[in-house]
J.: 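Sharing a structure here in structure tokens format.
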Amino acid sequence: MAAQTSMRHIRVDDDIKEQATQAFSLELKEPNPETRAAMEESRAMMATRRARFAFADELFADLEKNSSQ
């Protein structure tokens with residue numbers, strides 16, 4: 001399925017335009033094998049919902065519980 005695109009023209013302050021130009025000119029690189037493995041591990045953790053907490057207090061309580069074992 002092809003992506004649909006559209007063009008927008010806007011007026012922007014010259015300083016902001018320069019900042020945006022610099023930000024979008026960054027070189028994009030492929031992640032190295034170590035980073036790729038960490039990304040996959042993170043996805044797997046999210047899929048199994050391990051270590052998911054609704055509130056920070058729950059996270060800290062779990063960390064304290066696991067550190068005392």
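Remember, it's a predicted structure, so these values are computed and weren't measured experimentally.
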J.: So how far is it from E18 CD to D13 CG, rounded to the nearest 0.5 Å?
T.: 11.5 Å

J.: So, the side chain of E58 versus the backbone of A54: is there a donor-acceptor pair under 3.5 Å, distance only?
T.: yes

J.: Treating Ile, Leu, Val, Met, Phe, Trp and Tyr as nodes and any side-chain heavy-atom pair under 4.5 angstrom as an edge, say whether M39 and M46 lie in one connected cluster.
T.: no

J.: What distance separates D14 CG from T21 OG1, expressed to the nearest 0.5 Å?
T.: 10.0 Å

J.: Is there a donor-acceptor contact under 3.5 Å from the side chain of T35 to the main chain of P31?
T.: no

J.: Roughly how far, to the nearest 0.5 Å, is the CZ atom of R36 from the CG atom of N32?
T.: 8.5 Å

J.: Run through the side-chain heavy atoms of Ile, Leu, Val, Met, Phe, Trp and Tyr, join any pair under 4.5 Å, and report what else lands in I16's cluster.
T.: I10, V12

